[in-house]
Number of protein chains: 2
Amino acid sequence: MATVQGRTAHTKIAALADHGSSARAVIRELLVHGPMARAELARRLQLSPAALTRVTRDLLETATIREAAAAPGATGGRPGTPLEVNVEQHQMVGAKITAEGVYAVRTDALGRVLQGGQRQLSSTDVPEVADAIVDLVNEVAESQPVEALGVGLAGAMSRFDDRARHNLFLGWDDVPLGTMLESACGLPTVISNDVRALTAGVHWSGPARGRDDFAVVTTGVGIGLGLVIEGRMVVGPRGRAGMIGHQRVSGTGPLCVDGHRGCASSFLTTAAITRAVAVAHGDPSMTLARVCTLADGGDPAARRTLAEAGHALGAIVADLVNVMDLPSVILAGDGLPAVIRAQTELEQSLAERLDRHAAMPELRFLVSDFDEWARGAAVVACQWVLLEPPWRRSPDAAARPRTGRERSWQRPRSPVAVHS
Amino acid sequence: MATVQGRTAHTKIAALADHGSSARAVIRELLVHGPMARAELARRLQLSPAALTRVTRDLLETATIREAAAAPGATGGRPGTPLEVNVEQHQMVGAKITAEGVYAVRTDALGRVLQGGQRQLSSTDVPEVADAIVDLVNEVAESQPVEALGVGLAGAMSRFDDRARHNLFLGWDDVPLGTMLESACGLPTVISNDVRALTAGVHWSGPARGRDDFAVVTTGVGIGLGLVIEGRMVVGPRGRAGMIGHQRVSGTGPLCVDGHRGCASSFLTTAAITRAVAVAHGDPSMTLARVCTLADGGDPAARRTLAEAGHALGAIVADLVNVMDLPSVILAGDGLPAVIRAQTELEQSLAERLDRHAAMPELRFLVSDFDEWARGAAVVACQWVLLEPPWRRSPDAAARPRTGRERSWQRPRSPVAVHS
DNA sequence: CCCAGAGTGTTGACCTGGTGAAGAAAGGTG
DNA sequence: CACCTTTCTTCACCAGGTCAACACTCTGGG
C-alpha cells in the first residue's frame, strides 16, 4: 500500500481527498476564489450556515484550512472571519512529457511552483520515459510529502485518464502510464492532455482564475486549444476536443501538411513561420528566434509573415468567441513571443471577424516555459483529488483496503448523464 | 395561487416538480433513455439498490411512473421489471414566437405533440404578442391539466430565463415575458432561446435522443447553432453562444450584410440564396421554393448556388466537429429542404475540412415546421421543472406559500461555480 | 453611552435520504 | 433437482443537512 496514506501517515494533516464532498467543495471554492467567510461560502455552495460551521470545524481541526485576518471592508453587521486553505500543506507533483524531455514541478495546492527539474530523453520508448519520470518525481518530491501526481502529454485523453492515448510525437497509443507511475512512485496518478493541463493551471491560479468561461489557444509545433465552459473543461466524448489547427482563415496562402489551403496551421505553426521566412531569405536554417530578430530589425518578409500569423490567430479567436460567447481568451505556447509582435494585426482581425452582436473578449498573453505546462499537470492532479469520489480515485481500487465510504455493489458502467 | 398546484389539484397525480432530487433524476433518466429496470437505474445514477426501491415506490404510488412489460432479453439472473414514466399524465405547453405569428403545442412529458395551434400577429408590440400567446395557450391547454409553459424566441436568453432579451426581429429587449405569462396563464413559465429550445427537443425525444454531445445547425433567415456538450446545453455567460453565421468558409464570394467576404451567411441564408439566383435570372421575386424547383429542373445558377450553400454548411460543421469532437450533427431549419439538395457537396466539404485525426460525425437531417420549434420549448419547460430546485422554480417564489422544503435564509447571490 | 439593526457564527434537536447486510424472488443451467 | 446469477425488498443505522434560537460583533442614531 504505497499510496498517499503511506506517505503522509507521519503527519496529522489529512489529505485533501480524505474529506467529504461538501468539505471538498469548500476547499475548491476557497482555492479558486480566495479567502472567504463562512456565510459567503454557504451562499455560494447553497448550504445552510449550520452546515458550514460543521464542515469548516472539521477542516480547521485537521489544519486543512485556517482562519485568516479579517478584511477591512466593513458592511454594517458582524464581520466575518475569512477562511483560507493551508495550501503549503497539500503539495502535488506535475510533469510534462515531450519527445525531447520530461519536466516536473512540485507545487502547493494552488499550483504555485516550489521546486522544478527536468530530464533529457534519448529515446521515446515507454520504459525509458517512465523511468525518467519516476526519477524526476522522486527528485522533486523527496523533501516533502506529496498527495498526487499529474502527467500531461499530447493525445486524446479523458479529463482524468489513466492511460496515455494517441500520442503522435512519442508514437504511443493506449499506454497504461497511470498505473505504471502509480505503483512506481507510490502516488495516486492522473494522466491528462497537455494543453488541457495548461488550461487547468491557467484556470486554477493563472490569468483565468475565478473565470468560468474562457479559452486558451497555444501556438508552437501545432495549434492547441483548451476550452472551459461554465467552469468545466471541454474534453469531447473521445477526448479529442480542441483540434482547431485546420480552421480556414483565408482563401489563399500556403498549403498545410494536410493539403488545406489557408488554414490556421499554414500561417501559425513554428514550421510554417520559419519556412516562409526561410524561403524569402534563401536560408533553410531559419529559427523562430531569428524570425523575431529579423522582424524587430524591420525585415519585410519576417514582418509580413508574422502579420499573417497574427491575422490567422485573430481569426480563430473570433470564431471561438462567436460560437461560445467567451469573455476571455488567453494566448500561450512557445510560438507566442513571435506572434505577439503582430498584436495589432491580431486585434484588427479579431475585431473584423467578430459577430456584430458578440462582445469583444479580453485578450491575455501568457509567455512561459515548459514549467508552466508541468504546473498545469499538478493542478489537474489537485482538481482530480478534490473532485473524484474516493472509490474512483485509483484504478486499482479493488486491491486497496476498503475505507468504509466505498460501495459494496457493482460499479456503474457509465457516468451519470446530466441533462440541463 | 394560480400555479400548477391549482390546476392539478383535482387529480391524485403529483406534478413532476413535486418530487425530490433523486426522484427527478430517475424521471429524467427514464425519459431520456427509455424504460429501464431499477438495478440499471441504480448503476446509472450511482445510488444503492435500496435507495432505488424507495424512490421508485414513491413514484409508483403517485402514478408518476409505472411498471412496463419485461423485455425478452434474458441474462441469466432474475429478470428486472422495467419502469417507464407515465408521460401522458404530465403535459407541457410550448410556444414559439416569430415576427409573423405565434405557434403553440401541448405535449406529453416526452415532448410528443398532442395538440397544436397558431395565431397571426399584426404587430410586434409586447401586449399584443402576450395576449396572442395567452389566448393560444388557453386554447391548447383547456382540455387537459398542464404543468408548465415554455416559450422560445430569438435572443440572448439564459438556459431557463424569465425575460426575453435582445430580440432583433421583434425589437424587444429585457421584456419580463415570463412573469407576465406566468400570472396571465397561471402556469410556471420559462423563456428560452428558440434555437436552443429546438435543440432541447431534438435531444429529449428527437434524432439526438440519448446522446450527450451533438450540435444542431439551422439555416433559414439566419444561421443558428445549438450545442450540447456532456449533456449540457452551451449557453454562454451572457446567453449569446451559437453565433456561427459569420464564420469564414471561403476567400471569395459575396459580401454579407456585415461586410464579411466569404462568410457562412453570405452563402447559406434564405436571403443570400434567393438573391444569388434572382440576380442570375434577372427575377427579383425569387423564393426559396422556386430555387428548389429550378435546381430540380437542372437550372445551372440554382444548382451552383445550392452547391455553394452545401459547401458552406459542410465547412462550418467541420469546424464545429474539429473543435468539439462531436460524434453527431443535426441539420434543421426552414432552409434545409433547399440545402439538402446539395448533400453531396456538403459531405465532400465536410470531409475535406475535417481534421485528419477527427472522426467523421453522423449527419442527420430534420425537416420540420414551426411546431417542432414550439415542441422544443415544451421540452425546455419539462427539463426546467425536472431540474430546478423547488425554491427557484418561480420568479415570484417569495409570494407563494412555503412548502417546507424551501430555505429560510437568504438566497445565494450567484450560482455555484463547479470546477472540473 | 446605550440601543436598535444587521449580518455572522454556533448550538442542539430533528429529519431526509442514502447505506449495509441479509435475504427473498425469479429466472436460467447442469 | 440443486445451484448460480441477478433483481428487488426490508430494516436498522447513520452521515450530513436543516431549523430555530441565540450569542456575537460591528455600524449608526438618538
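Below, read A as the first sequence line, B as the second, and so on, with proteins coming before strands; counting in each chain starts at 1. A quick note: this is a predicted structure, and the numbers were derived from the prediction, not measured.
- Partners of B:Ala378 according to the side chain to side chain contact (heavy atoms under 4.5 Å, CB included) rule, which considers only residues two or more places apart in sequence or in another chain, are B:Met92, B:Thr107.
- Residue A:Ala39 is classed as a sugar-phosphate contact, given heavy-atom separations below 4.0 Å to backbone atoms only.
- The closest donor-acceptor contact from the side chain of B:Arg159 to the backbone of B:Val235 lies at 3.5 Å or more, if one exists at all.
- Between the side chain of B:Asp213 and the backbone N or O of B:Ile229 there is no donor-acceptor pair closer than 3.5 Å.
- A donor-acceptor distance shorter than 3.5 angstrom exists from the side chain of A:Trp204 to the backbone of A:Ala109, with no hydrogens or angles considered.
- Here the shortest heavy-atom pairing between B:Val234 and B:Arg196 reads O-CD, 3.7 Å.
- Comparing D:dT18, C:dG9, C:dG18 against the side chain of A:Thr81 picks out C:dG9 as the nearest.
- Dashed line: the shortest gap from a side-chain N or O of A:Ser48 to OP1 or OP2 of D:dC19 is not under 4.0 Å.
- To the nearest angstrom, P of D:dT9 lies 12 Å from CD of B:Glu61.
- Rounded to an integer number of Å, the gap from CD1 of A:Ile65 to P of C:dG9 is 11 Å.
- Look at CZ on B:Arg24: it is 11 Å from P on C:dG17, rounded to the nearest Å.
- Rounded to an integer number of Å, the gap from CG of B:Leu41 to C1' of C:dG18 is 16 Å.
- Scanning for salt bridge (charged side-chain N to carboxylate O under 4.0 Å, His left out) contacts around B:Arg238 gives A:Asp325, with sequence neighbours left out.
- In plain terms, the two heavy atoms of B:Ala23 and B:Val55 that are nearest each other are CA-CG1, 3.6 Å.
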What N/O pairs connect the protein and nucleotides 28-30 of chain D at under 3.5 Å? Give each pair on its own line.
none

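- Per the geometry, CG belonging to A:Leu52 stands 14 Å off P belonging to D:dG16, to the nearest Å.
- Side-chain contact between A:Ser22 and A:Leu47 is present, with at least one heavy-atom pair separated by less than 4.5 Å.
- Position along DNA chain C of the nearest nucleotide to B:Pro79 versus B:Ala51 favours B:Ala51 as the more 5'-ward residue.
- At distances below 3.5 Å, not a single donor-acceptor pair connects side-chain atoms of A:His90 with backbone N or O atoms of A:Ala15.
- The CG-C1' distance, from B:Leu83 to D:dT7, rounds to 12 Å in whole Å.
- The side chain of A:Ser22 contributes no N or O atom lying less than 4.0 Å from OP1 or OP2 of D:dG16.
- Rounded to whole Å, the distance from CG on A:Leu47 to P on C:dG9 is 14 Å.
- Of the side-chain N and O atoms in B:Arg43, one or more sit less than 4.0 angstrom from OP1 or OP2 of D:dT7.
- Residue B:Leu45 contributes atom CG, which lies 11 Å from atom P of C:dT19 at whole-angstrom precision.
- Applying the salt bridge (Lys or Arg N to Asp or Glu O under 4.0 Å) definition to pairs two or more places apart or across chains, those involving residues 82-94 of chain B are B:Arg66-B:Glu84, B:Arg66-B:Glu88.
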Between protein and nucleotides 2-6 of chain C, what N or O pairs are separated by less than 3.5 Å?
| residue | atom | partner | partner atom | Å |
| --- | --- | --- | --- | --- |
| C:dG5 | N2 | A:Gly76 | O | 2.8 |

Protein-nucleotides 11-13 of chain C N/O pairs closer than 3.5 Å?
| residue | atom | partner | partner atom | Å |
| --- | --- | --- | --- | --- |
| C:dT11 | OP2 | A:Arg57 | NH1 | 3.0 |

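- Side chain of A:Ser328 to main chain of A:Phe214: no donor-acceptor pair is present (N/O by atom type, distance under 3.5 Å, no hydrogens or angles).
- Minimum heavy-atom separation, B:His19 to B:Thr62: CE1-OG1, 3.5 Å.
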